[in-house]
Amino acid sequence: MNEEISADNPYSRLVALKKLGVVQNFDTIRQFSVAVVGLGGIGSVAAEMLVRCGIGKLVLFDYDTVELANMNRLFYKPEQRGKTKVQAAKETLEAINPDVVVHGYHFDITLVRSYDHFVQVLKTGSLDDSSAVHLVLSCVDNYNARSTINMVCNELRLTWFESGVSEDALSGHIQFMIPGVFACYSCVPPLLVASGVDESTLKREGVCAASLPTTMGIIAGLLVQNSLKYLLGFGQVSNYIGYNAWTDYFSTMTVKPNDSCPDSNCLHWQKVYQMEQLKKQSSEECD
Ligand code: ATP
Ligand code: ZN
């Protein structure tokens, strides 16, 4: 990182947040590593925001290539067509901020043969490769991939955000997940997942999902805003935010974990968290 903080250095504008008393420790952002899973309309924009905020490291996952059909979204350019999204994103992100470390992985995270690799990369994703990434952002567009991310984060006790935009592009959400503390993806699954229906059989013939760069940009903004609050410890991290574009209505709520969750790791972390809370309470009473 260029240490010279001058008026023309973009970093000085971020450090101003400290001077204004908003964030006491903005500089610590350089120590954090964030995984972004899915580099489509939400993930690519979220990655760019994090890079422009001076994040230390990004670990990117996607199995797709850039197509002209993606140009109604932000981030990719027509000349990147044919490149893997991971490669195209890495090039753009490193050009915006050469200080950021970007690692990219081009594979399907839901394949059984990819599982151990996915776990290993997240487990060693910190800046010095010695510990796990600090946060995982789920920006995929299908239940299967979300369930895989949920399973890995419950296994490794990783904090993550789930995000999504509806098929008609007019609503979206983000959800904050800390294993054992808040509901995981299996605690309160969407009806479809709970009923075991194969998602691919539900695609309507001749109808492709709509897409708006506006809705995706708004959801990416909420996702990164809450990621910054979590990593840097300012403000209040929302557990769930829903956005409805028809009426510009934002809803928030807290979703507690389910003590009958089918994920055994989730149940384990729920018990660990309860024990931690009891210990905290009794030490507070002693003080
Ligand atoms: P569309 O399907 O509408 O043309 P898209 O594939 O870019 O666009 P988005 O919702 O914008 O969809 O982004 C989701 C991203 O998540 C895509 O880039 C997709 O490749 C990625 N993704 C989805 N499932 C997986 C998976 N199992 N492994 C890796 N990446 C995935
Ligand atoms: Zn659960």
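Both ligands and their constituent atoms are indexed starting at 1 by order of listing. Remember, predicted model here, so these are calculated numbers, not experimental data.
Linking ILVMFWY residues whenever their side-chain heavy atoms come closer than 4.5 Å, directly or via other members, places Val36 and Val237 in the same cluster.
The aromatic rings of Tyr105 and Phe61 lie parallel to each other, with less than 30° between the two planes, well short of the 60° mark.
Side-chain contact, Gln31 with Ser126: no donor N or O sits under 3.5 Å from an acceptor N or O. Checked by atom type, the side-chain pair Gln277/Gln281 shows no donor-acceptor distance below 3.5 Å.
Of all protein atoms, those of element N, O or S that lie under 2.8 Å from the Zn ion (ligand 2) number 4.
In this structure, Ile29 and Leu228 have side chains that are in contact, with non-hydrogen atoms separated by less than 4.5 Å.
If you run side-chain hydrogen bond (donor to acceptor under 3.5 Å, both in side chains) between Ser186 and each of Asn265, Asn150, Asn154, only Asn150 comes through. Each of Val224, Leu50, Val136 was scored for a side-chain contact (heavy atoms from CB on, under 4.5 Å) with Val34, with one residue passing: Leu50.
Around ligand 1, the residues contributing at least one heavy atom under 4.0 Å from the ligand are Gly38, Leu39, Gly40, Gly41, Asp62, Tyr63, Asp64, Asn70, Arg73, Lys85, Phe107, Asp108, Ile109, Thr110, Cys139, Val140, Asp141, Asn142, Ala145, Met216.
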For a side-chain contact (heavy atoms from CB on, under 4.5 Å) check, start with the C-alpha distance between Tyr76 and Leu39, then their side-chain angles and the critical distance, and finish with the verdict. CA-CA 10 Å; Tyr76 295 110; Leu39 296 171; 3.3 Å; yes
Working for side-chain contact (heavy atoms from CB on, under 4.5 Å), residues Thr254 and Tyr240: CA-CA 6 Å; Thr254 299; Tyr240 183 98; over 6 Å; no
